[in-house]
There are 2 protein chains.
Amino acid sequence: MATPEKSNNQKSARKAPLSRDLVLSTALALVDEEGLDALTMRRLGQELHRDPMSLYRYAANRAALLDGVTEVVLDELTIFPDDPDWQAQLRRIAHDFRLMALRHPKVMPLLVTRPLSTPLGLRPLGTLRPLERILALLIDAGFAPADALHVYRVYYGFFYGHILNELQEYVVDPDESEAILRLGLHRLPAKEFPHLRTLAPALADYDGAVELDRGLTILLTGLATQLAA
Amino acid sequence: MATPEKSNNQKSARKAPLSRDLVLSTALALVDEEGLDALTMRRLGQELHRDPMSLYRYAANRAALLDGVTEVVLDELTIFPDDPDWQAQLRRIAHDFRLMALRHPKVMPLLVTRPLSTPLGLRPLGTLRPLERILALLIDAGFAPADALHVYRVYYGFFYGHILNELQEYVVDPDESEAILRLGLHRLPAKEFPHLRTLAPALADYDGAVELDRGLTILLTGLATQLAA
DNA sequence: ACAACTTCTCTACACCGTAGACTTTACATG
DNA sequence: CATGTAAAGTCTACGGTGTAGAGAAGTTGT
């Protein structure tokens, strides 16, 4: 009786009803593999073996779909405001975030841009959670709320900037990276870009983790010095 | 003889041939006024009283057009690598850049995102010029080239991050800003976002210039301390 | 006057997001 | 079982998009 031998196994889950989670994670996978432009309603529908229109049950429109993807990605982060050593915490969070960014480089433009079109208070909750957590962390560590906000701003500012920097210098195929990079830089007129050209090798072997950590050290050093005064 | 009484004055410059500069600056104006989505080939053509297709003489495709807009915007920046006081220079550049960002907030997503899709060496020259200038500035100030690169990365990273942060908290209509902001934050579940809600007033009166300067101080302090060791 | 070249326009195609009406499916209740 | 109701999915269609390709119009040099 019952379900007529429907193979709900690995490959073509044709009948199981959709869910917001399934839609969003499929969307994320699609973006990871083929980039933001590939994420169209039609294409996503095809990926899920559904009519594109059915997606509108789970996201009001394409913009909402994009917001959903950013939420899914941010959910990969876990922030425990417990550890009393806030500096170590901030370091850990930054590195976690960095890894997440490298896992989903194609999503970062979204993560960075979407908030610009939505006033802070109206953003999807998943987006605001990291902010709240970090504030909690700092306040628990003894900062006055207003100071916590300032520290957060400096920290998050620096941090987002680093990610963007790193992704900009990130080259897809690491084998050819040096060749391509130098080739690209070689294209620059020597007269106008002497330093950039000279620094080609230095640019080529970029270690994001080290760079990030160095930046954090500078930042935290500065913070400590500043707070002492 | 000569030109048959063509009114090439203020309003409808119908006949003068287009130029890349004209196309790009019109595109910029359009984006400034109505946002990125309004910048379509058809719309821009209409703005210039030309067939949309004519634009392809001046930009290979829409992506190139976007790159062009970022170049125009970056051209508003002037960096003189002369002043020996590099810290003051970095401060000034940051503030200049900030003002530029506030002048063209709708362009910032472009400025931040476009480079992510183009390997460093292949980017439009206008985009790389600030980088070269800042490197020159630091090297002239006595840094070893490799160190200059590190300083640049930390500085620019922090700096881009600040801009994003500020634009995120930027509210369009300053009269309603507080109301909207609080309203938005009030929407948040009190249980999950206690700190964010408490900090609503602090979020409301954000002074970008002060915040930026404070961040720079922290950064430069940290740098000095770090370099001393 | 003619030719060569640049600039601009026309037409057409494939693809996009999504409104609105419809069909199918699942399930609770009599 | 039959039937009513709500949810899930589909179909069709509309106005918009970027841009290929062929041609028209305008400009310039000889």
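Chain naming here is simple, since letters A, B, ... match the order of the sequence lines and numbering starts at 1 in each.
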Quiz prompt | Test of ring centre spacing under 6.0 Å for Tyr155(A) and Tyr152(A) | solution =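 Not close enough - the centres of the two rings lie 6.0 Å or further apart.
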Given atom [atom1] of [X] and atom [atom2] of [N], what is their separation to the nearest angstrom?
X        : N       : atom1 : atom2 : result
Asp37(A) : dG18(D) : CG    : P     : 12 Å
Leu18(B) : dT6(C)  : CG    : P     : 16 Å
Tyr56(A) : dC16(C) : OH    : C1'   : 9 Å

Practice problem: Just call it for Arg62(B): base, sugar-phosphate, or nothing, with non-hydrogen atoms closer than 4.0 Å on any strand. | Solution: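 Sugar-phosphate only.
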Counting side-chain heavy atoms from CB outward, which of [options] is closest to [X]?
X        : options                   : result
Arg42(B) : dT17(D), dT18(C), dG9(D)  : dT17(D)
Asn61(A) : dA12(C), dT18(C), dA8(D)  : dT18(C)
Asp51(B) : dC10(C), dT10(D), dA13(D) : dC10(C)
Met53(A) : dT19(D), dG17(C), dC11(D) : dC11(D)

Self-check item: Nearest-nucleotide comparison on DNA chain C, the residue closer to the 5′ end among Arg57(A) and Leu39(A)
Solution: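 Final value for this comparison: Leu39(A).
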For [N] and [X] - does any side-chain N or O of the residue sit under 4.0 Å from the phosphate oxygens OP1/OP2?
X        : N      : result
Arg50(A) : dG9(D) : yes
Tyr58(B) : dC8(C) : yes
Ser54(B) : dT7(C) : no

Quiz item: When you check the side-chain N and O atoms of Arg123(B) and Gln168(A), is any donor under 3.5 Å from an acceptor?
Solution: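 A pair is found: one side chain offers a donor N or O, the other an acceptor, under 3.5 Å apart.
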